[in-house]
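Taking it in order: structure first as structure tokens, then the write-up.
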Amino acid sequence: MSDALDRARADLVDGRAWKARDRLTGLLTRIDDEVLNLLAQANCEMGDLSAAGGLWFVTGRNDERSREAVAAWRERHGNAQARRRSLPRPVRTTPPSPQVRELRRAAMEHPTTGADGLDAAEKASCSGCSLLAATMVVLVVVLATIGGVTVVNSLTG
């Protein structure tokens, strides 16, 4: 395990934050502050301040950089359920830190989801995807029809 952490640290030093992130994500079966802090650092160096903030929230890190990242995470994921869902599954499901327990409690006390399990943002996203899919189907049918007519005209003309 420490070999993987050492390689991830070296990746960060060498400017390969993406590689460190991938290595550390594979280590999330071991939820500890060292892995989470390194993964947050990799996300931060990649410009994903929100992802870093969620992880630093879990660890309870409290310095200027982490406070800025946690604020970005809170802003991006506006309610407790969205914040909880934004955390990697192993972080949510293994014996949680006090911060994750509090987040879980808040998410359960203030549900924002409907009977289908989707909150308003997810429903808007889904309806947008459905509209896009329907538009694509119509476009394919129209193009196929035009292509078919063109083939028939060329054969008969």
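Rounding to the nearest 0.5 angstrom, the gap separating the CG atom in Leu55 from the CG atom in Leu39 is 5.0 Å. Note that the CG atom of Asp14 and the CZ atom of Arg16 stand 4.5 Å from one another [nearest 0.5 Å]. Arg74 contributes atom CZ, which lies 11.0 Å from atom OG of Ser86 (distance to the nearest 0.5 angstrom). With rounding to the nearest 0.5 Å, the separation of CG in Leu12 from CZ in Arg21 is 11.5 Å.
Looking at every heavy atom in both residues, Trp73 comes nearest to Leu103 through CH2-CD2, 4.0 Å. Considering every non-hydrogen atom in both Gly53 and Val70, the closest pair reads O-CG2, 3.3 Å. Closest of all the heavy-atom pairs between Ala40 and Ala52 is O-CB, 3.2 Å. Looking at every heavy atom in both residues, Arg92 comes nearest to Leu87 through NE-O, 3.3 Å. For Leu5 against Val35, the heavy-atom pair with the smallest separation is CD2-CG2, 3.9 Å. Between Ala107 and Gln81, the closest heavy-atom pair is O-NE2, 3.4 Å.
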Chi angles and distances behind the side-chain contact (heavy atoms from CB on, under 4.5 Å) call for Met108, Arg104: CA-CA 6 Å; Met108 291 172 64; Arg104 181 185 301 150; 3.9 Å; yes
CA sep, side-chain torsions, deciding dist, call: Phe57, Ser66, side-chain contact (heavy atoms from CB on, under 4.5 Å): CA-CA 8 Å; Phe57 167 81; Ser66 64; over 6 Å; no
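Salt-bridge annotation for Asp6 and Arg9: present, with a side-chain N of the basic residue lying under 4.0 Å from a carboxylate O of the acidic one.
With sequence neighbours left out, the salt bridge (charged side-chain N to carboxylate O under 4.0 Å, His left out) criterion links Arg83 to no other residue. Under the rule for a side-chain hydrogen bond (donor to acceptor under 3.5 Å, both in side chains), Thr59 has no partner lying at least two apart in sequence or in another chain. Contacts of Glu75 classified as side-chain hydrogen bond (donor to acceptor under 3.5 Å, both in side chains), with partners at least two apart in sequence or in another chain: none. Checked against side-chain hydrogen bond (donor to acceptor under 3.5 Å, both in side chains), Arg23 has the following partners two or more places apart in sequence or in another chain: Asp11.
Sorted by first and then second residue, the salt bridge (Lys or Arg N to Asp or Glu O under 4.0 Å) pairs involving residues 62-73 (not counting sequence neighbours) are Arg61-Asp63. Sorted by first and then second residue, the pairs that involve residues 40-49 and meet side-chain hydrogen bond (donor to acceptor under 3.5 Å, both in side chains), not counting sequence neighbours, are Gln41-Glu45.
Taking Ile, Leu, Val, Met, Phe, Trp and Tyr as members and joining any whose side-chain heavy atoms lie under 4.5 Å apart, directly or through other members, the hydrophobic cluster of Met46 also contains Trp18. Other cluster members for Val138: Val142, Ile146, joined by side-chain heavy-atom distances under 4.5 Å among Ile, Leu, Val, Met, Phe, Trp and Tyr.
Side-chain contact check for Cys44 versus Leu49: some heavy-atom pair is nearer than 4.5 Å.
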